[in-house]
Amino acid sequence: MDTAVIGMAFRFPGANDSTTFWGNLIDRKSSVTEIPAQRWDWRGVWGDPKQTVNKTDSKWGGFIDAVDAFDHEFFGFLPKVVQSMDPQQRIMLELAWNCMEDAGVAPSSVRGRKIAVVVGVFNHDYKELQERDEISIEAHHSTGTATAVIANRVSHHFDLRGPSVPIDTACSSSLNAIHSAIQALQYDDCEMALAGGINLMLTPTRHISFSKMGMLSPSGICKTFDDAADGYVRGEGAAFLLLKPLERAIADGDAIHGVIKGTAVNHCGSTYTLTYPSPQAQAEVIMAA
């Protein structure tokens with residue numbers, strides 16, 4: 001089944017709209033920066049991860065703006081509830097609204113309809129922050145930091161009745177979310193689907209862990225397929241696509257950003273290490289798609 005992308009909204013490092021994003025790509029602009037002080041003091045954890053406890057030799061990343069900003073009155077939340085909410089929940093609420101707006105779909109018009117929400121999510125740094133600071137545990141702590149609620153919060157707020165599913169497959173989470181959303185459309189579990197993902201980096205924990213594994217680039221540059229490659233650079237981002245069967249989108253006169261012709265998923269199986277990819281398996285899944 002051909003699937004139309006009729007709406008999109010995202011927040012990427014250095015770009016909060018499609019015009020800026022495509023401009024950055026055309027200009028070959030790097031959006032990698034030193035870790036901003038609003039996240040953590042990289043100097044405090046700087047060092048040789050193989051020689052010193054809890055140190056990292058990577059001070060780089062791609063970061064989005066204003067992750068702590070949220071108009072609670074617009075969405076009708078009490079400040080106390082919002083303080084317990086993972087910013088990943090807040091941002092996906094905003095992007096769901098923006099995505100429907102981009103598609104020309106009034107949020108009030110989808111209430112009670114079979115609209116799916118499928119979100120790829122990997123990091124849970126806000127939960128770590130709340131529990132590490134030993135603050136008083138509030139009533140909304142559990143729902144505010146639960147992975148399932150990132151998707152569920154969107155479905156609940158907009159009264160969407162289709163599947164509401166978080167997916168965590170690490171780096172492939174968002175791709176798997178899109179694949180699952182298209183399957184939901186194929187099986188008539190929904191008439192449209194919001195699909196995407198979010199990743200925020202709020203603590204140095206994974207930076208330290210990944211550095212110890214030799215995964216992060218000390219130079220802050222991904223040199224893919226290059227003999228000089230020295231690791232990758234972590235990045236933040238958040239996005240929603242509004243998906244609809246192509247035939248129905250054409251019949252309804254929707255604006256169409258693009259068409260997804262096919263998707264596929266697999267696993268590398270047994271490789272050199274848990275995080276080591278298999279070129280053969282990746283070729284197979286591309287061919288399947």
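Below, all heavy atoms of this structure are taken into account, side chains as well, without hydrogens, waters or symmetry copies.
Using a 4.0 Å cut-off between charged side-chain N and carboxylate O, Arg248 and Glu191 make no salt bridge. Taking the charged nitrogens against the carboxylate oxygens, Lys80 and Glu138 do have a contact shorter than 4.0 Å, which makes a salt bridge. Salt bridge status for Asp189 with Lys114: absent, with no side-chain N to carboxylate O gap under 4.0 Å. A salt bridge links Arg39 and Glu236; the closest N-O separation between the charged side-chain nitrogens and carboxylate oxygens is under 4.0 Å. With respect to Asp57 and Lys55, no salt bridge is recorded, no charged nitrogen being found less than 4.0 Å from a carboxylate O.
Side-chain contact between Thr169 and Phe122 is absent, with no heavy atoms from C-beta onward closer than 4.5 Å. In this structure, the side chains of Ile182 and Ile260 come closer than 4.5 Å at one or more pairs of heavy atoms. The shortest distance between side-chain heavy atoms of Asp125 and Thr205 does not fall below 4.5 Å. Contact of the Ile91 side chain with the Ile198 side chain is registered, since non-hydrogen atoms from C-beta on lie closer than 4.5 Å. Considering only heavy atoms from C-beta on, Asp254 stays 4.5 Å or farther from Val105 through its side chain.
In this structure, Phe10 has its ring center under 6.0 Å from that of Phe21. No close placement of the Trp42 and His207 rings is indicated, their centers lying 6.0 Å or farther apart.
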Worksheet item: Hey, mind stepping through Asp252 and Lys244 against salt bridge (Lys or Arg N to Asp or Glu O under 4.0 Å) and telling me if it holds?
Response: CA-CA 10 Å; Asp252 292 344; Lys244 193 175 190 179; 2.6 Å; yes
*asked:* Determine whether Asp168 and Thr147 satisfy the following criterion, side chain to side chain contact (heavy atoms under 4.5 Å, CB included), listing intermediate values before the conclusion.
replied: CA-CA 9 Å; Asp168 182 355; Thr147 300; 5.7 Å; no
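Remark: the Asn152 side chain and the Ser164 side chain contain no N/O donor-acceptor pair separated by less than 3.5 Å. For the residue pair Ser58 and Thr56, no side-chain donor N or O sits within less than 3.5 Å of a side-chain acceptor on the partner. Using modelled atom types, one finds no donor on one side chain facing an acceptor on the other under 3.5 Å when comparing Thr145 with Gln130. His140 and Ser84 form no side-chain donor-acceptor contact under 3.5 Å, judged by distance and modelled atom types alone. Side-chain polar atoms of Asp48 and Thr52 form no donor-acceptor pair below 3.5 angstrom. No donor-acceptor contact under 3.5 angstrom links the side chains of Asp86 and His124, judged on distance only.
Figure legend: cation-pi geometry between Arg90 and Phe75 absent, as NZ or CZ is not positioned both under 6.0 Å from the six-membered ring centre and within 45° of its axis.
Below 30°, between 30° and 60°, or above 60°: for Phe74 and Trp97 the angle between ring planes is above 60°, a perpendicular geometry.
For the atom pair Leu241 CG and Ile178 CD1, the distance stands at 5.0 Å (nearest 0.5 Å). To the nearest 0.5 Å, atoms CG (Leu160) and CD1 (Ile115) are separated by 6.0 Å.
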Using a 3.5 Å cut-off and no angle test, enumerate the donor-acceptor pairs between side-chain atoms of residues 281-289 and protein atoms at least two apart in sequence or in another chain.
unit_1: Glu284; atom_1: OE2; unit_2: Gln280; atom_2: NE2; d: 3.2

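A side-chain donor-acceptor contact under 3.5 Å links Gln88 to the backbone of Asn123. With hydrogens and angles ignored, the 3.5 Å screen pairs a side-chain donor or acceptor of Ser31 with a backbone N or O of Pro13.
Annotation: Leu274, atom CG; neighbour count of heavy atoms from other residues, nucleotides and ligands within 6.0 Å does not exceed 12. Remark: Glu247 CD is loosely packed, at most 12 non-hydrogen atoms of other residues, nucleotides or ligands lying under 6.0 Å away.
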